[in-house]
There are 2 protein chains.
Amino acid sequence: MADPVTLAVSTVIFALRPHPTTRLPVLWTPLVRRIRAPHQGKWALPGGPLGADEGLAAAAGRTLRETTGLTPRYLEQLYAFGSLDRAPSAAERMVSVIYWALVRAEEADAGIESVNVRWFVADELPELAFDHALILEYALWRLRNKVEYSRIAAAFLGESFTLAELRAVHEAVLQRRLDPANFRRQIEASGRLVPTGEFRTGGRHRPARLFRHDESIELADNGPLTGL
Amino acid sequence: MADPVTLAVSTVIFALRPHPTTRLPVLWTPLVRRIRAPHQGKWALPGGPLGADEGLAAAAGRTLRETTGLTPRYLEQLYAFGSLDRAPSAAERMVSVIYWALVRAEEADAGIESVNVRWFVADELPELAFDHALILEYALWRLRNKVEYSRIAAAFLGESFTLAELRAVHEAVLQRRLDPANFRRQIEASGRLVPTGEFRTGGRHRPARLFRHDESIELADNGPLTGL
DNA sequence: TGAATAGTGTCTATTAGACATTATAAC
DNA sequence: GTTATAATGTCTAATAGACACTATTCA
C-alpha cells in the first residue's frame with residue numbers, strides 16, 4: 001500500500017521594516033497567492049513538497065530563497081501540522097512541517113516582490129488559506145517569547161550595532177517600550193555582547209558605543225538539537 | 001511522481017518508578033526491540049507509519065496505548081526529524097514526527113511488558129536504533145525544562161496529592177533536592193493548587209494537607225496551539 | 001518522650017522596574 | 001547655550017535560596 005500522505009514544508013518568514021503609515025519598525029511576513037484550488041486566490045505561507053534529496057531545514061531554506069531572495073539569519077522548526085481537517089476536501093491528506101525564519105529586509109529592501117508574492121504587516125494580514133492563520137499566530141507567539149530569553153533579536157541586525165538599535169528591535173517585536181537603562185543592564189549582565197571599541201556618530205547627541213555578539217554563544221538554546 | 005518519503009510517528013513515553021537498586025523514583029521509558037533490518041535486534045522508540053485516517057497526535061496516542069496499555073496524562077509534539085542520513089541505507093527515506101508523553105505507571109505497574117517491549121531507566125539506556133538516542137536526549141531536556149515553568153509534573157500524580165509528593169516528582173525529574181519550604185512557597189504563589197480540605201495520615205508525623213490542581217489552568221502553555 | 005515530617009518565619013542576595021543624574025555630541 | 005540621546009546611579013519591590021523554628025502525629 002502506498003502511503004497516501006503528502007509531506008510539505010512551509011516557512012514563516014519575518015523581517016523588520018517601517019509600518020506604512022506610522023513609520024515605526026514592525027514585523028512583516030511574505031505570503032504567496034494560491035493560483036489553484038483549493039483556496040484559489042487566497043494568500044498562503046511560502047512552501048512546497050519536500051524534495052526526495054533534501055532535509056527538512058534545507059527545504060525551508062530553499063523556499064525562503066525562492067520567495068525572498070534572502071538568506072535566513074535564523075531558522076528554526078516551528079511545528080508539524082497534520083490533522084485530518086486541514087484541507088477542505090479529504091481528497092488530499094497533507095502533513096506540513098513548518099519552519100520560521102528571521103531575515104534582514106534591509107539587504108534587498110524586502111527582496112523579490114511580484115503579483116503573487118507580497119509582504120504584509122504581520123498584525124494586518126489578509127484572509128489566509130488552510131490553517132495558515134493559526135500557524136502564523138503561533139509563529140508570532142514563539143518569536144515574542146523567544147526574544148525575551150535568547151539573543152535571536154540579533155538576527156535582524158548587522159555585524160555591529162548600538163544598544164539603542166538592539167532595543168528598537170526588542171520594542172518592535174514585543175510591541176511595548178523598554179526602559180533604556182534597565183535594558184542596557186540586562187543585556188550587559190547576560191554577557192552576550194562584546195564592545196567593538198568603535199562608536200556610531202552623526203546624531204545630535206553623545207556618540208553610541210558599538211557592540212557585536214559573542215559568536216561562541218548560539219542564537220537560541222535548543223538543547224541537544226543545537227545546529228540541527 | 002509518487003512522494004518517496006515515508007511518514008512515521010513515534011512517541012517517547014515517560015513514567016516515574018523506583019530505581020531497581022536505589023529504590024529512589026526515577027524516569028523510565030518503554031522501548032521496542034526491532035525485529036527486522038535495519039538495526040535488527042536494537043531497541044527503538046515505539047511508533048509506526050501514520051494511518052491515512054488519523055491525525056498526528058492520534059497516532060501517537062495509539063502507539064502509546066498499544067505499547068503500554070496506558071492512557072497518556074500529557075502528550076505534546078516534540079520535533080519532526082527528517083535529515084537524509086537518518087537510516088543507514090538511503091533506500092528508504094523516512095521523516096518521523098515525534099511526540100512525548102507522561103503516564104502514571106502505578107495504574108498498571110508499567111503495563112504490558114514482553115520479550116520485545118521493555119521499560120528502561122531513562123538515564124541507563126541500551127544502544128538505540130537510528131537517531132533515537134538523540135531524540136530521547138532531547139525529550140529528556142524538554143521535560144526537565146518544562147517541569148520548571150509549567151505544572152506538567154501533575155501528570156505523574158493522581159487526583160489529589162501532598163506537597164511532598166509533588167516535590168518528589170520535581171526532584172526525580174530534575175535530579176536534585178529541593179528545599180521543602182521554598183518549594184511550598186513557590187507552588188502556592190503560582191496559584192495553581194487548590195486545597196481539598198482533606199489530609200493524608202499514616203506517617204509517623206503530622207498529617208499532610210491534600211491538594212488538587214486548578215483544572216481551568218492548562219498543564220502547559222503552548223500559546224495558540226492549546227489543546228491541539 | 002523521641003523521631004519524623006508538615007508547615008511557618010526570617011534573613012540575605014539577586015533581579016526587575018521606575019526614575020534621577022551626568023556626559024557629550026550636533027546645532 | 002539648547003537639545004537630544006548615551007550612559008550611569010539609586011531606590012524600591014519582588015523573588016530565590018538558605019536555614020531556623022514550631023506543629024502534630026505515631027511508635
Side-chain angles (χ1 to χ4, degrees), chain A residues 18 23-25 144-151 153 157-158 160-213 221, chain B residues 18 23-25 144-151 153 157-158 160-213 221:
Chain A
R23 310 311 299 165
L24 295 171
R144 287 179 172 143
N145 265 297
K146 212 143 192 170
V147 86
E148 301 210 71
Y149 65 86
S150 75
R151 40 160 286 218
L157 294 170
S160 65
F161 46 84
T162 68
L163 282 174
E165 288 163 354
L166 183 61
R167 179 165 49 84
V169 172
H170 281 249
E171 289 180 340
V173 171
L174 297 175
Q175 297 179 301
R176 59 188 170 91
R177 310 307 304 273
L178 300 172
D179 183 283
N182 297 331
F183 182 79
R184 170 184 298 272
R185 238 196 323 273
Q186 243 173 290
I187 294 289
E188 288 189 330
S190 75
R192 295 188 289 231
L193 286 192
V194 181
T196 65
E198 299 183 354
F199 291 83
R200 167 108 64 228
T201 54
R204 43 186 295 182
H205 53 76
R206 181 170 168 179
R209 187 180 296 276
L210 284 171
F211 293 87
R212 62 175 180 76
H213 271 107
D221 178 13
Chain B
R23 311 310 301 165
L24 296 171
R144 287 177 173 145
N145 265 295
K146 210 142 193 170
V147 87
E148 300 212 71
Y149 64 86
S150 74
R151 37 159 289 214
L157 295 170
S160 65
F161 45 84
T162 68
L163 282 175
E165 288 164 354
L166 183 61
R167 179 164 50 86
V169 172
H170 281 249
E171 289 180 341
V173 171
L174 296 175
Q175 297 180 302
R176 59 188 170 89
R177 309 306 305 271
L178 301 173
D179 182 283
N182 297 333
F183 181 79
R184 169 184 298 270
R185 237 194 323 273
Q186 244 173 287
I187 293 290
E188 288 189 330
S190 76
R192 296 189 289 232
L193 286 192
V194 181
T196 66
E198 299 183 354
F199 292 82
R200 167 109 62 231
T201 54
R204 41 187 296 183
H205 51 77
R206 181 170 168 177
R209 187 181 296 274
L210 284 172
F211 293 87
R212 61 173 180 78
H213 270 107
D221 179 13

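Naming: A, B, ... by sequence-line order, numbering from 1 per chain. Note: hydrogens, waters and symmetry copies are ignored here, and every other heavy atom, side chains too, is used. Just so we're clear, the structure is a prediction, and the values are computed from it rather than from any experiment.
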J.: Which two nucleotides bound the region of DNA chain C that has atoms under 4.0 Å from heavy atoms of chain A, read 5' to 3'?
T.: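 Terminal contacting nucleotides, 5' to 3': C/dA16 to C/dA26.
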J.: I need the residues from residues 191-211 of chain A with at least one non-hydrogen atom less than 4.0 Å from DNA chain D; give them sorted by number, or say none.
T.: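 Nucleic-acid contacts, sorted: A/R204, A/H205, A/R206, A/P207, A/A208, A/R209.
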J.: With sequence neighbours left out, what residues match B/A172 under side-chain contact (heavy atoms from CB on, under 4.5 Å)?
T.: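 side-chain contact (heavy atoms from CB on, under 4.5 Å) list for B/A172, sorted by chain: B/L16, B/P25.
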J.: With sequence neighbours excluded, what pairs up with A/E198 under the side chain to side chain donor-acceptor pair (under 3.5 Å) test?
T.: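 Side chain to side chain donor-acceptor pair (under 3.5 Å) check on A/E198 returns nothing, list empty.
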J.: Taking everything shown except A/R192 itself, do over 12 heavy atoms lie less than 6.0 Å from its CZ?
T.: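 Yes.
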J.: Residues two or more places apart in sequence or in another chain: which of them pass side-chain contact (heavy atoms from CB on, under 4.5 Å) with A/R184?
T.: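 Applying side-chain contact (heavy atoms from CB on, under 4.5 Å) to A/R184 gives A/L163, A/E188.
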J.: Could you list all the salt bridge (Lys or Arg N to Asp or Glu O under 4.0 Å) pairs where at least one residue sits in residues 163-176 of chain A, not counting sequence neighbours?
T.: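 Residue pairs passing salt bridge (Lys or Arg N to Asp or Glu O under 4.0 Å), neighbours aside: A/E148-A/R176, A/E165-A/R200, A/R167-A/E171, A/E171-A/R177.
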J.: Check DNA chain D against residues 170-181 of chain B and give the residues with a non-hydrogen atom under 4.0 Å, in numerical order.
T.: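 Correct list: B/D179, B/A181.
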J.: Going 5' to 3' along DNA chain D, which are the first and last nucleotides with any atom under 4.0 Å from a heavy atom of chain B?
T.: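 Going 5' to 3' along DNA chain D, contacts run D/dA16 to D/dC26.
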J.: Considering residues at least two apart in sequence or located in another chain, which fulfil the side chain to side chain donor-acceptor pair (under 3.5 Å) criterion with A/N182?
T.: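 Side chain to side chain donor-acceptor pair (under 3.5 Å) list for A/N182, sorted by chain: A/R185.
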J.: With sequence neighbours excluded, what pairs up with A/R144 under the salt bridge (charged side-chain N to carboxylate O under 4.0 Å, His left out) test?
T.: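 If we apply the salt bridge (charged side-chain N to carboxylate O under 4.0 Å, His left out) test to A/R144, skipping adjacent residues, the hits are A/D123.
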J.: Mind jotting down which residue pairs meet the ring pair (Phe, Tyr, Trp, His ring centres under 6.0 Å) criterion with at least one end in residues 169-211 of chain A? Sequence neighbours excluded, please.
T.: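 Applying ring pair (Phe, Tyr, Trp, His ring centres under 6.0 Å) to every pair that reaches into residues 169-211 of chain A, excluding sequence neighbours, yields A/H170-A/F183.
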J.: Identify, between B/R185 and B/L163, the residue whose nearest nucleotide on DNA chain C lies closer to the 5' end.
T.: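 Its nucleotide being nearer the 5' end, the pick is B/L163.
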J.: Can you list the residues that meet the side chain to side chain donor-acceptor pair (under 3.5 Å) rule with A/R212, with sequence neighbours excluded?
T.: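 Testing A/R212 for side chain to side chain donor-acceptor pair (under 3.5 Å), a comparison that skips the adjacent residues, returns none.
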J.: Once you round to the nearest 0.5 Å, how far does CG of B/L210 lie from CG of B/L193?
T.: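 Taking CG in B/L210 and CG in B/L193, the distance rounds to 11.5 Å.
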J.: Give, for atom CG of A/D221 and atom CG of B/N145, the distance between the pair rounded to the nearest 0.5 Å.
T.: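 Rounded to the nearest 0.5 Å, the CG-CG separation comes to 7.5 Å.
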